[in-house]
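Shown next, in structure tokens, is the structure this report addresses.
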Protein chains: 2
Amino acid sequence: MIKSVEKAFRVLEGLSRADGPMRLSDIARANGITRSNAFHLLQTLQELDYVRQAEDSTLYEATFRSFEIGAKLLSRNTLVAVAHPFLLRLSEQVPENVMLNVRDGLWNVVADRIESRSVVRTLAYLGARAPLQSVSSGKVLLAHAPASVIDEVARSLVAYTARSITDPDALREQLARIREQGYAVAIGEVNEDAKGVASPVRDRHGDVVAALSIAGPMNRLGEDTIAHYVALQHDTIRRIEAAWANGWRGDAAPPQFPGQASVARPSSA
Amino acid sequence: MIKSVEKAFRVLEGLSRADGPMRLSDIARANGITRSNAFHLLQTLQELDYVRQAEDSTLYEATFRSFEIGAKLLSRNTLVAVAHPFLLRLSEQVPENVMLNVRDGLWNVVADRIESRSVVRTLAYLGARAPLQSVSSGKVLLAHAPASVIDEVARSLVAYTARSITDPDALREQLARIREQGYAVAIGEVNEDAKGVASPVRDRHGDVVAALSIAGPMNRLGEDTIAHYVALQHDTIRRIEAAWANGWRGDAAPPQFPGQASVARPSSA
DNA sequence: GGTAGTGTTCCAATATTCAGAACGCACTCC
DNA sequence: GGAGTGCGTTCTGAATATTGGAACACTACC
């Protein structure tokens, strides 16, 4: 573990989480490092363009460059591009957030999302992470994940709310049921008032690569509604899979500009 | 400039740009470092959860964690959240990509985007960066940026295509016109076949904080169409500004999970 | 079964990084 | 107005963290 690298990322993460530009001293304090150390780290991050000093001020803030790394990752994911219009269509038929989720290690990540037009809605920011076992889409992804992943999750179950699953066997049973019925439901396992339904999206080999989910406040998602949403999801997924299988290969590489994350050339060879 | 930090970011950027998992040796070569050095860097990034070894393989790939940093940045931007539904509405009236852009230093960044349903469309992945002077939204943002920013851009004009602006005075003139007429057009200045229109979005103080843009293939965007789109944009922007000014304060903080980018506590105080 | 390449481990040497002190500056509070 | 506090930044020397190279076990390919 290279220490300075760890510190740099911690500092950057801290800045991205802050709700405004931060002072050097506070950054140093928050990360338990000296001011001069923080200064060096920030200067480096600044040269790399991940951090900027707010205009004519000495405060530091994160730039959107870090967004670029992750976004590039997503744009490579042709599924997200293919699915987007279908999500839109689905979103028009449903007064809740519609999301496309992928598994990232032991996490559920929101890869795309259409916000509901309702005023009351659940939180679902793009890129949001949640433990696999605690959200509906995560359960779907987990149910179809390699055994090693399931084992690891089962080994480390923690309760986030009263409804969280904590018994490994109960989890495995639930996953089996999800595989059988083709969808998963999560009720207030992360957020007390939230409820969600999710169904698996498969690639042409039949492997589950994503989960389409609909989530909203508990009281709007009764049993009948859920059943209706599952039907809508399966219908949408059928279309997505067809469009994807139809050889849609994604856009060509986006244009590159100088200074934009260029690869260092090997100096010798 | 802390070298190990720089290398770490270069490696991560490289991985995010690659179109699949990479081998250690190739990573080392691509960054001009030794294998053992690359190994240490990757191991660190792995512990920090920015990099993962593809299942039962020795290949390395970037995780979506980097996406999280950037996404958090965006989610903090309440404008993006407020504007999203309005972008959707606009997108229904227009067969092109609809984008919300913000300025990040000297770059135009796509902060939100609704993809067009048309088959032929321009590239617009979320988080994409382009030089300010070369895209329509960037021109709008530049036109309303502090003088220091304009100066810096004017000082370093480079031609990306034949149509790129290279004369500083011409640029300033164009910016003045943009401020006057309330919108900007860019024609094939980045991508030969692409054309875009953009208009400024202001906060309650009247400062320009974003640009709403519509972009598509050249042949679909004639003069009349442009005029029509500008009208639609201004209409949409009026609604966005109203909704935003109406004290919409964004969602509460999203739930946090352990292990998720936790802040190191100061050890002493 | 040799050769070439790999990912990984180990070690020692030194270049790199860091803590601390020092400085000028902007504030605040008497 | 002047002492005092806390700031961002610079500098320096000490030492530690980082790095390159050699070595290893493995695999893949002739």
Side-chain angles (χ1 to χ4, degrees), chain A residues 1-15 18-63 105 148 263-269, chain B residues 1-15 18-63 105 148 263-269:
Chain A
M1 175 78 94
I2 297 174
K3 282 197 168 182
S4 53
V5 172
E6 183 187 0
K7 289 186 202 165
F9 275 96
R10 288 272 135 77
V11 165
L12 185 58
E13 287 169 4
L15 279 176
D19 36 37
M22 286 182 77
R23 304 188 334 176
L24 178 77
S25 298
D26 291 333
I27 297 171
R29 230 186 316 264
N31 294 49
I33 56 181
T34 60
R35 275 182 300 156
S36 78
N37 193 355
F39 180 75
H40 286 304
L41 288 165
L42 286 166
Q43 190 155 295
T44 301
L45 289 172
Q46 199 165 11
E47 278 183 70
L48 294 173
D49 206 14
Y50 285 94
V51 157
R52 164 204 327 135
Q53 284 192 272
E55 334 233 316
D56 63 26
S57 141
T58 158
L59 304 178
Y60 291 90
E61 62 186 349
T63 71
S148 59
V263 192
R265 288 279 157 62
S267 45
S268 56
Chain B
M1 175 78 92
I2 298 174
K3 283 198 169 181
S4 55
V5 172
E6 183 187 0
K7 288 186 200 166
F9 276 96
R10 288 271 133 75
V11 165
L12 184 59
E13 287 168 5
L15 279 177
D19 37 35
M22 286 182 78
R23 305 188 333 176
L24 177 78
S25 297
D26 291 333
I27 297 171
R29 230 185 317 262
N31 294 52
I33 56 182
T34 59
R35 274 182 299 155
S36 78
N37 194 354
F39 180 76
H40 286 303
L41 289 166
L42 286 165
Q43 190 155 296
T44 302
L45 289 171
Q46 199 166 10
E47 277 183 72
L48 294 173
D49 207 15
Y50 285 94
V51 157
R52 164 203 328 134
Q53 285 192 272
E55 334 233 316
D56 64 26
S57 142
T58 157
L59 303 177
Y60 291 91
E61 63 186 349
T63 72
S148 59
V263 191
R265 290 279 157 62
S267 45
S268 56

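So you know, we letter chains A, B, ... as the sequences are listed, proteins then strands, and number each from 1. Because the structure is a prediction, the values reported are computed rather than measured. Worth knowing before you read on, the calculation uses all heavy atoms, side chains too, and leaves out hydrogens, waters and symmetry mates.
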Seminar exercise, completed: Per nearest nucleotide of DNA chain D, the residue lying toward the 5' end, H40(B) or D26(A), is D26(A)

Exercise. What does S36(A) touch in the nucleic acid at a heavy-atom separation under 4.0 angstrom: a base, only the sugar-phosphate, or nothing?
Worked result: base

Exercise. Starting at CG of N37(B) and ending at P of dT8(C), how long is that distance when rounded to a whole Å?
Worked result: 14 Å

For this session: List the atom of R23(A), the atom of L59(A), and the distance in Å for their closest heavy-atom pair.
Result: CG-CD2, 3.3 Å

For this session: Take the protein atom CD of Q53(A) and the nucleotide atom P of dC7(D), then report the distance between them rounded to whole Å.
Result: 16 Å

For this session: Mind listing the closest non-hydrogen atom pair of T63(B) and D49(B) along with its distance?
Result: OG1-O, 2.8 Å

For this session: Return no unless some side-chain N or O of Y60(B) is found under 4.0 Å from OP1 or OP2 of dT6(C).
Result: no

Exercise. Can you check the L41(B) CG to dT19(D) P distance for me, whole Å?
Worked result: 6 Å

Exercise. Within this structure, what is the CG-to-P distance between L45(B) and dT18(D), rounded to whole angstrom?
Worked result: 13 Å

Problem set entry | Side-chain N,O (R35(A)) to OP1/OP2 (dA22(C)) below 4.0 Å | no

Exercise. Relative to the ring of Y50(A), is the ring of F9(B) parallel (under 30°), tilted (30 to 60°) or perpendicular (over 60°)?
Worked result: tilted

For this session: Using whole Å, report how far CD of E6(B) lies from C1' of dT17(C).
Result: 15 Å

Problem set entry | Distance, rounded to the nearest Å, where I2(A) contributes CD1 and dT17(C) contributes C1' | 13 Å

Problem set entry | Rounded distance (Å) that lies between atom P of dG8(D) and atom CG of L42(A) | 10 Å

Seminar exercise, completed: Among dC7(D), dT8(C), dT10(D), the one nearest any side-chain atom of L24(B) is dT8(C)

Exercise. Closest to the T34(A) side chain: dT9(C), dA19(C), dT18(D)?
Worked result: dA19(C)

Problem set entry | Phosphate OP1/OP2 of dT19(D): any K7(B) side-chain N/O under 4.0 Å | yes

Exercise. Looking at side-chain heavy atoms only, is the closest gap between K7(A) and N37(A) below 4.5 Å?
Worked result: yes

Exercise. Just how far, in rounded Å, is C1' of dA19(C) from CD1 of I33(A)?
Worked result: 12 Å

Exercise. Heavy atoms under 4.0 Å, any strand shown: does R23(A) hit a base, just sugar-phosphate, or nothing?
Worked result: sugar-phosphate

Problem set entry | S25(A) vs dG8(D): side-chain N/O to OP1/OP2 distance below 4.0 Å | yes

Seminar exercise, completed: All heavy atoms of Q53(A) vs all of T58(A), minimum pair found to be NE2-O, 3.2 Å

